[in-house]
2 protein chains.
Amino acid sequence: MAIEFEPVSALHFWRETIVQSLRREAPDLTTRQMAILLTIYLTPPPHTVRGLAKALNVSKPAVTRALDRLGHLELARRRPDEGDRRSVLVQRTVKGSVYLNEFADAILAAAGTAQPSPS
Amino acid sequence: MAIEFEPVSALHFWRETIVQSLRREAPDLTTRQMAILLTIYLTPPPHTVRGLAKALNVSKPAVTRALDRLGHLELARRRPDEGDRRSVLVQRTVKGSVYLNEFADAILAAAGTAQPSPS
DNA sequence: AAATTAAGTTTCGGAACCGAAACGACTACG
DNA sequence: CGTAGTCGTTTCGGTTCCGAAACTTAATTT
């Protein structure tokens, strides 16, 4: 799928994607929660609370709370670090993979519809 | 700017954009608020509360509250409809334009880094 | 074995948000 | 007219979120 991106069409594309996700029944994640979820799935492990907080410029309690919510939704999972029991390793789940696959589809669909308006 | 989009790179691109906006001092808008702001700026007027609510599949009180916040941030403005005084017309502002221009820049920048373009 | 440092969580007070329902202002219809 | 319908806002009860600071547990240092 090839896209020619200009500022206005970039905004159209963004709008199309988030409007689609508003319509879905999929759980509505905050920006922070989404950033954490994407980081877990897209960057190499291990992922710790402290590492996520630093990488995303967010406080540690905010990461903890986001993980509470993601865990409750079964989109991510906490697992104690056997090597250092102070640490927590954040891991992926099947539901999380499905959720992000569907979200990627929404992005691609939006990229398709937001395109045709060069005039 | 040309982009080849595949599912995983679409997610990388999305992550890059929202992580950038997390870092900014720019006010953090909810998904609904962002959808409303984009709709005001990207689709033809007039924009009313009920129209926005219907277009975005959101309740009217949610639109009212989102407009309260956008108005307080001066990203959008309410103006009474002289023709039908029950209605409110939602209008753009200079700050809103600036905000979205910067956001478009963030999208384009993310598209650049998230995509080691093969062409 | 203290004392210190580190990682993550919990507490605290406050702010923002949500849907459903009630409400006031206004228009349209009979 | 008056009644019904429309539009946007406000109220109500409840949930979620936030940062700062205190706290718990575990590892490291002295």
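Scope of the values below: all heavy atoms of this structure, side chains included, with no hydrogens, waters or symmetry mates. Numbers restart at 1 for each chain; the letters A, B, ... are given by sequence-line order, proteins then strands.
- Here D:dT9 is the nucleotide among C:dG19, D:dC17, D:dT9 with the atom lying nearest to any side-chain atom of B:K60.
- No engagement by A:D81 is indicated, since no non-hydrogen atom pair under 4.0 Å with the nucleic acid exists.
- The side chain of B:S87 contributes no N or O atom lying less than 4.0 Å from OP1 or OP2 of D:dC7.
- To the nearest 0.5 angstrom, A:T17 atom OG1 is 4.5 Å from B:W14 atom CH2.
- When rounded to the nearest whole Å, the span between CG of B:L89 and P of D:dG8 equals 9 Å.
- Checking each of A:L70, A:V58, A:T30 against A:I36 for a side chain to side chain contact (heavy atoms under 4.5 Å, CB included) leaves exactly one that passes, namely A:L70.
- The phosphate of D:dT16 has neither OP1 nor OP2 within less than 4.0 Å of any side-chain N or O from A:Q33.
- Distance NE2 (B:H72) to P (C:dA16): 8 Å, rounded to an integer number of Å.
- Residue side chain A:R86 does not reach the base of D:dT25 through any donor-acceptor N/O pair under 3.5 Å, judged by distance alone.
- Side-chain rings of B:F13 and A:F13 approach one another, their centers coming within less than 6.0 Å.
- Counting to the nearest Å, the C1' atom of C:dA15 and the CG atom of B:L29 are 16 Å from each other.
- With the nearest nucleotide of DNA chain D identified for both A:A62 and A:E82, A:A62 has the one nearer the 5' end.
- Computed from coordinates, the B:L67 CG to C:dC17 C1' distance equals 15 Å when rounded to whole Å.
- Taking atom CZ of A:R50 as the reference point, atom C1' of D:dA26 lies 15 Å away to the nearest angstrom.
- Not a single donor-acceptor pair, N or O on each side, falls under 3.5 Å between the base of D:dG8 and the side chain of B:R85.
- For D:dT9, one of the phosphate oxygens OP1 or OP2 lies less than 4.0 angstrom from a side-chain nitrogen or oxygen of B:T64.
- Note: the hydrophobic cluster containing A:M34 also contains B:V19 (ILVMFWY, side chain heavy atoms under 4.5 Å, direct or indirect links).
- Atom NE2 of A:H47 and atom P of C:dG8 are 13 Å apart (whole Å).
- If you take CG of B:D68 and C1' of C:dA15, they are 15 Å apart, rounded to a whole angstrom.
- Side chains of B:T39 and A:R15: a donor-acceptor N/O pair is present below 3.5 angstrom, by distance only.
- Atom C1' of nucleotide C:dC18 and atom CZ of B:R32 are separated by 7 Å, given to the nearest angstrom.
- With distances taken from any side-chain atom of A:R78 to the nucleotides D:dT6, C:dT9, D:dG8, the minimum falls on C:dT9.
- The side chain of A:R65 contributes no N or O atom lying less than 4.0 Å from OP1 or OP2 of C:dT11.
- For D:dT15, neither phosphate oxygen OP1 nor OP2 lies less than 4.0 angstrom from any side-chain nitrogen or oxygen of A:R69.
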